[in-house]
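Here is the structure we will look at.
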Amino acid sequence: MSLYEDAVRVLTSWNATSDAAEVNRKRTLGLLADGPVAMTRAHRAGHVTASSLIMDETGRVLLCLHGRLGLWMQLGGHCEESDETLAAAALREATEESGIDGLILDPEPIDIDIHEVRCGASEGAPATDSVHFDVRFLLRAPAGSVERISAESAELAWFTTDALPSPLASGVVQQIAPARARLG
């Protein structure tokens with residue numbers, strides 16, 4: 001099964017965690033009707049991305065201060081050809097960006113957010129406006145995890161869900177309730 005086929009399968013069968021997530025699930029399936037190109041940056045009308053809300057055993061969340069955007073957000077990003085599933089893409093991105101080994105993946109999405117972005121330049125092409133159809137997952141950090149800042153982040157920090165930092169990217173808060181519900 002390809003990454004594209006996995007995305008279609010996951011989003012076709014997923015029971016959305018909110019009314020907004022259901023609307024975004026349907027919109028993302030509409031985007032995926034364009035075929036596998038919808039998984040890539042080449043699809044400038046929009047493309048599927050994967051991110052994760054990382055929580056520790058106390059219920060704190062790990063957020064990054066995005067170096068280019070200057071906003072606190074969950075970790076994640078673009079899918080790559082080597083990713084076999086959306087969940088695997090989210091886990092890869094979170095591991096790369098947090099430096100935490102052994103993150104525990106919940107393979108069912110907790111949210112989908114659709115937002116406009118300015119995708120970075122690649123292979124000499126300039127940055128252009130696009131839309132991310134961001135499928136979000138929950139990752140649990142093993143006890144005693146120590147994060148390490150990557151090149152994409154200006155800062156990484158743990159926050160309690162009642163004391164989130166500012167400026168906060170839109171769409172971060174909407175992930176917390178479904179993540180907490182999943183943790184039980």
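All residue numbers in this chain count up from 1 along the given sequence.
- Of the possible donor and acceptor atoms, one in the side chain of R182 sits under 3.5 Å from a partner among the backbone N and O of E108.
- Proximity of a side-chain donor or acceptor of T12 to a complementary backbone N or O of R9 within less than 3.5 Å is not detected.
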Before giving the answer on side-chain contact (heavy atoms from CB on, under 4.5 Å), spell out for V172 and Q74 the whole-Å C-alpha distance, their side-chain angles and the decisive distance to 0.1 Å. CA-CA 7 Å; V172 172; Q74 75 285 342; 3.6 Å; yes
Verify side-chain contact (heavy atoms from CB on, under 4.5 Å) between S130 and E116, making sure each step is shown before the conclusion. CA-CA 6 Å; S130 188; E116 293 183 6; over 6 Å; no
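- S98 OG to L75 CG: the interatomic distance, rounded to the nearest 0.5 Å, is 6.0 Å.
- Between the side chain of T17 and the backbone N or O of I110, at least one donor-acceptor pair lies under 3.5 Å.
- With contacts defined as side-chain heavy-atom distances shorter than 4.5 Å, the pair L91/F137 does not qualify.
- Shown here for W158 and A141, the closest heavy-atom pair between the two residues is CH2-CB, 3.8 Å.
- Here the closest heavy-atom approach between residue Q175 and residue G171 is recorded as NE2-O, 3.3 Å.
- Taking hydrophobic clusters as Ile, Leu, Val, Met, Phe, Trp and Tyr residues chained together by side-chain heavy-atom distances below 4.5 Å, L32 does not share a cluster with V23.
- I54 is not connected to I104 by any chain of hydrophobic side-chain contacts under 4.5 Å among Ile, Leu, Val, Met, Phe, Trp and Tyr, and they are in different clusters.
- Side-chain contact check for W14 versus V135: every heavy-atom pair is 4.5 Å or farther apart.
- With respect to R140, the side-chain contact (heavy atoms from CB on, under 4.5 Å) criterion is satisfied by exactly one of L105, L103, D106: D106.
- Using a 30° and 60° split on the angle between ring planes, H47 and H78 fall in the parallel class, below 30°.
- The CG atom of L3 sits 6.0 Å away from the CG atom of D83 when rounded to the nearest 0.5 Å.
- Remark: side-chain polar atoms of E97 are paired, donor with acceptor, to backbone N or O of G76 under 3.5 angstrom.
- For the pair T95 and L139, the minimum side-chain heavy-atom distance is 4.5 Å or more.
- Residues F133 and V37 are members of separate hydrophobic clusters, defined by side-chain heavy-atom contacts under 4.5 angstrom among Ile, Leu, Val, Met, Phe, Trp and Tyr.
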Before giving the answer on side-chain contact (heavy atoms from CB on, under 4.5 Å), spell out for V48 and L11 the whole-Å C-alpha distance, their side-chain angles and the decisive distance to 0.1 Å. CA-CA 11 Å; V48 175; L11 297 180; 5.7 Å; no
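- For the pair L62/L156, a side-chain contact is recorded, criterion being any heavy-atom separation below 4.5 Å from C-beta on.
- Shown here is R27, whose CZ atom has no more than 12 heavy atoms of other residues, nucleotides or ligands within 6.0 Å.
- In this structure a side-chain-to-backbone donor-acceptor pair under 3.5 Å is present from D6 to L86.
- Between atom CG of residue N24 and atom CG of residue L29 there is a gap of 11.0 Å, rounded to the nearest 0.5 Å.
- Residues L53 and L63 have side chains in contact (heavy-atom distance under 4.5 Å, counting atoms from C-beta outward).
- S170 and D113 get closest at one heavy-atom pair: O-OD2, 4.3 Å.
- Across all their heavy atoms, I112 and R25 have their closest contact at CD1-CA, 3.7 Å.
- Residues M73 and C64 have side chains in contact (heavy-atom distance under 4.5 Å, counting atoms from C-beta outward).
- The minimum heavy-atom distance linking A50 with A90 is given by the pair CB-N, 3.7 Å.
- Inter-residue side-chain proximity for V10 and P109 is flagged as met; some heavy-atom pair is nearer than 4.5 Å.
- When the shell of 6.0 Å around CZ of R60 is examined, it contains more than 12 heavy atoms from other residues, nucleotides or ligands.
- No more than 12 heavy-atom neighbours from other residues, nucleotides or ligands sit within 6.0 angstrom of CD on E84.
- No donor-acceptor pair under 3.5 Å is formed between the side chain of R92 and the backbone N or O of S82.
- Minimum interatomic distance between G46 and L31 (heavy atoms only, all atoms of both residues): O-CD1, 3.7 Å.
- Annotation: the span from Y4 atom OH to T40 atom OG1 amounts to 12.0 Å, rounded to 0.5 Å.
- Side-chain contact between L71 and P167: present, with at least one pair of heavy atoms (C-beta onward) separated by less than 4.5 Å.
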